[in-house]
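So the structure is just underneath, and the comments pick up after that.
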There are 2 protein chains.
Amino acid sequence: MLEEPTDVVRRFNRTYTQRIGALDESFLGTGRPLGPSRLLFEIGESGATVRELRDRMGLDSGYLSRLLRGLEGDGLVEVRPDLTDARRRRVTLTRRGRTAWRRLDDRSEDLARTLVAPLSDRQRARLVDALATADLLVRAATVRLEDLPPTDARAVEAMAAYFAEIGRRFGFEPGDAWRVDAESMTAPDGFFVVATSDGEPVACGGVQRLPDGSAQIKRMWVHDGWRGAGLGARLLRHLEDRAREHGYAVVRLDTNDTLTEAIAMYERAGYRAIARYNDNPWARCWFEKDL
Amino acid sequence: MLEEPTDVVRRFNRTYTQRIGALDESFLGTGRPLGPSRLLFEIGESGATVRELRDRMGLDSGYLSRLLRGLEGDGLVEVRPDLTDARRRRVTLTRRGRTAWRRLDDRSEDLARTLVAPLSDRQRARLVDALATADLLVRAATVRLEDLPPTDARAVEAMAAYFAEIGRRFGFEPGDAWRVDAESMTAPDGFFVVATSDGEPVACGGVQRLPDGSAQIKRMWVHDGWRGAGLGARLLRHLEDRAREHGYAVVRLDTNDTLTEAIAMYERAGYRAIARYNDNPWARCWFEKDL
DNA sequence: AGCATTCTCTGACCTTAGTCAGAGAACCTG
DNA sequence: CAGGTTCTCTGACTAAGGTCAGAGAATGCT
């Protein structure tokens, strides 16, 4: 009996919502109804602006405002104008609020303990391993790939992370790469893609036109914590698809021979090594693939 | 950096509720509010009694009744007295109800597909594996161990499953074992424990008093689909704890030498082989442990 | 400076989800 | 067949969660 992936996902979904979702609610509902509790927990020990809370929790602004008045009335939070922009308001926990927050945190910890406590050490290790894997893959599967101009804040953040990393590894200095990339990786001949999770960039990559009319993939980067989730391969596939849509028939890229994992990935994806096609001083390997 | 099990559980919890829980609700909420949708889905293509629904979903009887009137009003279900007991009522889907049910099922399938679609084959296989493991272990961790009189319906069901299994394997015939067990495995000298998951018995075991004043564990059984989740070891520990509470200092048990996994479990739990202490014709090994 | 936009808040309103007490029919037990 | 129990239902009620329109202050843009 071979089980379909979707069957497994659905079965787990069911088990999970019934066993943990239900527990979760009963644990969080401590005197206060669920809404205010969740909000209090989300505000967290370092505080947040109303705007952020609205985005993160997806609440109506009127509803959120009312919830905040409630917490304020209980003396758990303080709301005051943001210093840099007085339209926004910052929410912070009071002393009592921090106590309440810690109680919620304890409950959440208790819930987790309730779940692992009945298991033997071996079973517990297996569960932890399975959940960590599932966590990574679920997050990877729900990453959003988005075309962004290289000048967009998230694109800049991603590219900065990329430059920082190759700076650390090879002493690379971006110089005027910022400006050059911004020009070459925009329409009509190029584009830039950022993968975001919870609004944070976790991977990126761009395509630009080479003089001979083929496409070149550049600035490909995957966040440290996201290695091993197939995100690189997925991004690569996405870039190829987008390049094909742009009318390219051949895609090339260069890389450094110390990046063995990246090279393995390119080879798995059907790239073959070719002779040097550019004068990039940092590159040691050159690859090509027909789209 | 060694991560605590509870941290992993909590992180996964967060990822899951944010990414899938939210999706789940938006997928199910198709015109109808969530409550009626869930109920419709739970009734299923084969129908159910009102009682079953109440137990499975943990709803107030008044509330459930009202939800059913709503579905009835939309022409999705029919409610009629149960044939064997006219106090109960059976709910079945109408033609339209089946259509609506199938739409819900499709949505749920779509959701699962959305989740696995972006992954590569290898990643998908890893996710399926991780979720299947997590499913088994989460279910195992949330099993309920309950003292029940051997005559209770669930106890009888569990013991019947046990007899059926050893009947298949060894040709064992219960005979008057039912009556004998029911007497010996009740207070004050004995007891019977049933592990239930969603109200279904998934494991059982009993303790009775031996002539020499030690305790004997009998009728230990774990459901096929639950092997490998550490449930047997947990049940064994539970039986020992309860026996200790009853004042026993020594516990014994017999088994058949073909049940190698059971024997391995007993040895891991600290049991040592002893000489034959009873005249059970089916037994080939005898074990003992000091409490 | 004037105008559009952003951000938060309030008031009015609605749906969903759920609780509780008690009634009435069917069943079980002695 | 009397009395207690089980099962479902109705009516009355409440809390929780959420939507919508518009007001008012602060800011950005030209």
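Lettering follows sequence order; numbering is per chain, from 1.
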- Task: Please tell me which of A:L59 and A:D85 maps to the more 5' nucleotide of DNA chain D, matching each residue to the nucleotide holding its nearest heavy atom.
- Result: A:L59

- Item | N or O in side chain of B:R54 less than 4.0 angstrom from D:dT8 OP1/OP2 | yes

- Task: Go through D:dG17, D:dA26, C:dT8 for me and flag the one nearest to the A:R87 side chain.
- Result: D:dA26

- Rounded off to whole Å, could you give me the CE-to-P distance for the A:M57 and D:dG17 pair? 11 Å

- Taking side-chain contact (heavy atoms from CB on, under 4.5 Å) as the test, write out the residues that go with B:E52, two or more places apart. B:A48, B:T49, B:R56

- Nearest whole angstrom, please: distance from the C1' of D:dC7 to the CG of B:L83. 16 Å

- Task: Taking only heavy atoms on the protein side, list every residue of residues 63-72 of chain A lying under 4.0 Å from any atom of DNA chain C, sorted numerically.
- Result: A:S65, A:R66, A:R69

- Query: Got a second to check how far A:D135's CG is from B:L127's CG, nearest 0.5 Å?
  - Reply: 11.0 Å

- Do the side-chain N or O atoms of B:R88 get closer than 4.0 angstrom to the phosphate oxygens (OP1, OP2) of D:dC7? yes

- A:W221-A:F163 aromatic ring centre distance below 6.0 Å: no

- Item | Cationic N near anionic O, under 4.0 Å, B:E78 to B:R90 | no

- Query: Where the side chain of A:V79 is defined as all heavy atoms beyond and including C-beta, which of C:dA17, D:dC9, C:dC9 is the nearest nucleotide?
  - Reply: C:dC9

- Item | Atom-pair distance (CZ on B:R90; P on D:dC7), nearest Å | 15 Å

- Nucleotide of C:dT8, D:dT8, D:dG17 approaching A:S61 most closely (side-chain heavy atoms): C:dT8

- Query: Between A:Y16 and B:Y16, how do the two ring planes meet: parallel, tilted or perpendicular, split at 30° and 60°?
  - Reply: tilted

- Item | Partner residues of B:F191 under the ring pair (Phe, Tyr, Trp, His ring centres under 6.0 Å) criterion, sequence neighbours left out | B:H246

- Beyond-backbone contact of B:E42 with B:L53, side-chain heavy atoms, under 4.5 angstrom: yes

- Provide, to the nearest angstrom, the distance between the CZ atom belonging to A:R51 and the C1' atom belonging to D:dT27. 14 Å

- Note on the structure: B:D60 atom CG is separated from D:dT10 atom P, nearest whole Å, by 14 Å

